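Below is one structure, written out as structure tokens, with a few remarks after it.
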Amino acid sequence: MAKEGDGERALLAAEPDEAEAEAGSVSGAGASPLSALCDPAHLAHRIVALAFMCFLGFGSYFCYDNPAALQIQIQEDMQIPTVTFMLLYSWYSWPNVILCFFGGFLIDRVFGIRWGSIIFSLIVCIGQVVFAMGALVNAFWLMQLGRFVFGIGGESLAVAQNTYAVSWFKGKELNLVFGLQLSMARIGSTVNLNVMGWLYSRVEGLLGYPGHTTLGITLMIGGVTCIFSLICALILGYLDWRAERILHKEQGKTGEVIRLTDMKDFSLSLWLIFVICACYYVAVFPFIGLGKVFFMGKFKVSTQEASAINSIVYVLSAPLSPVFGLMVDKAGRNIFWVMCAVVATMASHMMLAFTFWNPWIAMCLLGISYSLLACALWPMVAFVVPEHQLGTAYGFMQSIQNLGLAIMSIVAGEVLDLWGYFFLEIFFIACVSVSLLAVVLLYLVDYTRGGSLNCSPRQRVELSKKTHTK
Amino acid sequence: LRPSSERRPGLRGCGAAAACSGRGPGPGGGPARGRSLLLLQCLVLLRAPAGLLGDQTRRVSLEVIPGPTDPSQNLLHIRAVGVNSTIHYIWSSLGPPAVLFVATDTPHSVLSVNWTCLLSPKPEGSLAVLPAKSVRFSSALIFPKLFEFDSTNSSEVKNGSPGKPYPPYLLADFSWDDVNSTLDPTMLSATFQGRPSKDPLGAFSNGSLAFKLDQLLWHSSPEGFLQWRPVAFSKKQPDWKTALPCQVSPPGPTLATLLPQSSIVRAFFGSSANFCTFNLTFGDSTGPAYENQRYLSWSALLGVGSPPVDSFSPLVLGIMVVVLGAPALLLVGGGLSLLLLRHRRYSEYEPIS
């Protein structure tokens with residue numbers, strides 16, 4: 001679930017930050033703290049809004065990885081093989097193969113940001129409740145349906161969350177806000193991975209026996225976070241409406257213009273970036289979905305430690321994303337960083353496959369390389385696509401990523417069922433290898449065409465000056 | 001040699017083996033996730049090895065040495081003759097199931113058995129491999145007891161103990177089928193199968209415990225080894241989903257007097273031998289145990305020389321070569337061709353400028 005955040009962040013950050021003239025800012029000066037909190041023009045009020053914005057996505061981030069946290073319980077209680085279990089992730093990704101293109105459109109043209117976020121939060125809630133109901137009545141197809149509905153809401157909600165951020169913080173603390181929202185997403189995933197197993201055992205203790213009922217109740221309790229997010233959406237809607245009335249500001253827009261006809265203009269470099277993206281994330285998210293049982297089986301760690309190891313990727317990426325973002329901004333040379341990240345990921349999967357070294361090492365490496373890749377890969381799109389096609393390019397990238405995840409989740413489950421975890425790791429290494437191949441190709445293509453992807457920022461400025469003077 | 005204990009009747013073995021049967025006493029009527037663990041106590045006896053040379057090909061023959069009276073008094077002799085050495089495996093169900101392993105440095109060594117003495121209370125010296133001088137390495141493996149644990153109680157399990165033990169099965173008290181009926185000289189297989197002769201609770205009535213022989217190993221170096229993967233399987237077709245962890249306790253030296261007496265071991269080694277014991281535990285408290293499938297298969301290798309080393313399959317190696325090689329090749333090849341191209345371009349442009 002962390003993935004779409006990266007994309008949106010890069011997309012919006014790529015837009016020029018225009019300082020927006022603000023009306024009525026005088027009224028905040030010299031007011032008491034309480035009135036500052038209520039004054040939409042005041043920083044204190046914006047921080048209150050920011051808190052709600054961060055928690056707006058908490059529910060969906062929390063619930064996205066519920067299956068990973070409860071893999072053993074789900075497989076035992078519903079009596080399903082791994083390939084069927086992975087359908088839960090696959091069904092989440094399917095609607096987003098298409099919705100990536102329309103999320104922005106729906107928010108801008110159909111619902112508006114306020115109703116959009118409320119409706120998407122509601123869809124997320126319904127999805128989670130249906131998912132939990134499926135477990136309660138022991139119907140796995142209902143659980144799959146729940147995940148599908150959840151997927152419809154989840155990614156679009158992330159778009160809405162980012163739109164709110166732009167609307168409230170554009171020209172001010174926008175990058176910091178994006179960083180905070182990303183960190184919140186990681187915290188949601190981490191809390192989930194570490195709490196759901198414990199919650200299940202508590203419910204089991206209460207009921208006295210495990211089974212699909214226990215699972216259903218646990219998931220229902222997990223769904224409370226979605227309700228919480230829905231409440232945040234409602235409050236945020238009210239605050240935004242109030243701010244609009246007082247400040248006469250416009251309702252936030254994603255500004256995404258997506259024309260599928262742009263596709264024919266996509267350069268080879270962009271297609272290579274798509275390949276890198278799809279193949280790389282396939283080796284990270286499905287692995288986290290299946291990782292817990294792997295750590296318990298191969299490294300003989302306890303359930304709690306396996307959860308903790310599994311969540312270290314998210315934990316690390318929360319503080320590292322801003323650091324790496326800054327580093328890549330200053331140093332440029334994006335292809336180099338992407339290559340480092342992909343090679344490190346490959347090394348980490350090879351450690352897990354071929355050695356019995358402490359899994360913390362490999363997973364920390366994975367966490368670091370994953371954060372680095374996100375910071376270096378997504379901004380590259382802005383260099384190879386004209387600005388008016390950015391929306392389409394990012395939409396396409398997310399769509400391909402989701403398609404890859406939807407298909408490869410099933411394939412990974414099948415590989416695991418047939419040949420076990422060792423071959424699953426080999427499979428992931430192969431995926432990363434394809435990604436690495438694409439990185440190398442991208443470097444060669446960019447080099448021969450005199451592109452700026454692997455330039456330092458100074459070289460980029462010189463390059464753009466040259467093209468301007470021409 | 002691969003003895004494996006399997007809880008299933010009518011086992012089709014591909015080796016010499018002993019078998020016993022059992023439906024293990026599980027936590028009957030207990031909570032749905034009642035788990036029982038199995039533990040097999042093993043004894044190993046080792047004698048100092050001496051220099052031996054390896055042979056790649058051996059003629060292997062299986063022979064049941066007929067006892068004077070009872071067909072259940074099985075004595076199976078497996079003889080593997082090489083160019084200048086012989087390995088003898090002697091399996092027996094006299095007392096607890098046991099196997100003697102003797103390696104000699106001549107292709108002409110033979111086994112001599114004195115049945116009357118072997119069945120007497122003092123069997124020392126009744127079993128020998130002749131000529132005695134040719135014996136370079138000998139060891140024995142005894143399976144005296146089979147334990148079962150109830151690990152339903154999770155608080156006990158957390159303390160590291162496998163759970164509450166049931167009364168152990170003394171394998172010496174089992175009654176064993178005639179191994180002649182399962183002997184297959186072409187497949188080089190035989191199965192020892194048995195069940196408790198007295199089983200008032202009927203706990204073991206539907207299953208069997210089997211030992212079967214599969215493979216003979218002889219490597220060049222003189223040491224002997226007993227080697228196994230730390231895994232047991234809960235189905236006949238071993239795959240990763242049916243795998244159970246298998247833990248071994250650290251082997252500790254034990255006095256022979258504390259142990260159940262195995263006639264063939266005493267017969268070969270005499271009464272003064274060094275024993276060490278260890279426990280094998282199958283399954284753990286978190287995963288499914290033997291209880292779910294009522295079947296457990298574990299195998300080990302007993303041989304002379306250096307133990308065989310696991311290696312990756314050609315498929316895995318092939319994939320890894322492609323996976324690592326392709327990007328590296330592209331990087332090197334692409335980089336070189338870029339350099340060449342650039343060089344050529346410059347050299348073409350130079351005369352013009």
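Each chain gets a letter, A, B and so on, in the order the sequences are listed, and its residues count up from 1. Just so you know, these numbers come straight off a predicted model, no measurement behind them.
Residue contact with chain A, scored on non-hydrogen atoms closer than 4.5 Å, involves the side chain of B:L338 exclusively. Of the atoms belonging to B:L329, not a single heavy atom falls under 4.5 Å from chain A. Using a 4.5 Å cut-off between heavy atoms, A:L416 touches chain B through backbone and side chain atoms alike.
Here the straight-line distance linking atom CG of B:L315 with atom CH2 of A:W419 works out to 8.5 Å at 0.5 Å rounding. Expressed to the nearest 0.5 Å, how far OG of B:S313 lies from CZ of A:F422 amounts to 7.0 Å. Distance CG/A:L444 to CG/B:L331: 7.0 Å, rounded to 0.5 Å.
Between chain B and the options A:V440, A:I429, A:L441, the largest number of non-hydrogen pairs under 4.5 Å is found for A:V440.
Put simply, the side chain of A:I426 does not reach to within 4.5 Å of the side chain of B:F312, judged on heavy atoms.
The neighbour count for A:Q459 CD, taken as heavy atoms of other residues, nucleotides or ligands under 6.0 Å away, is above 12.
Here the shortest heavy-atom pairing between A:S433 and B:V323 reads OG-O, 2.9 Å.
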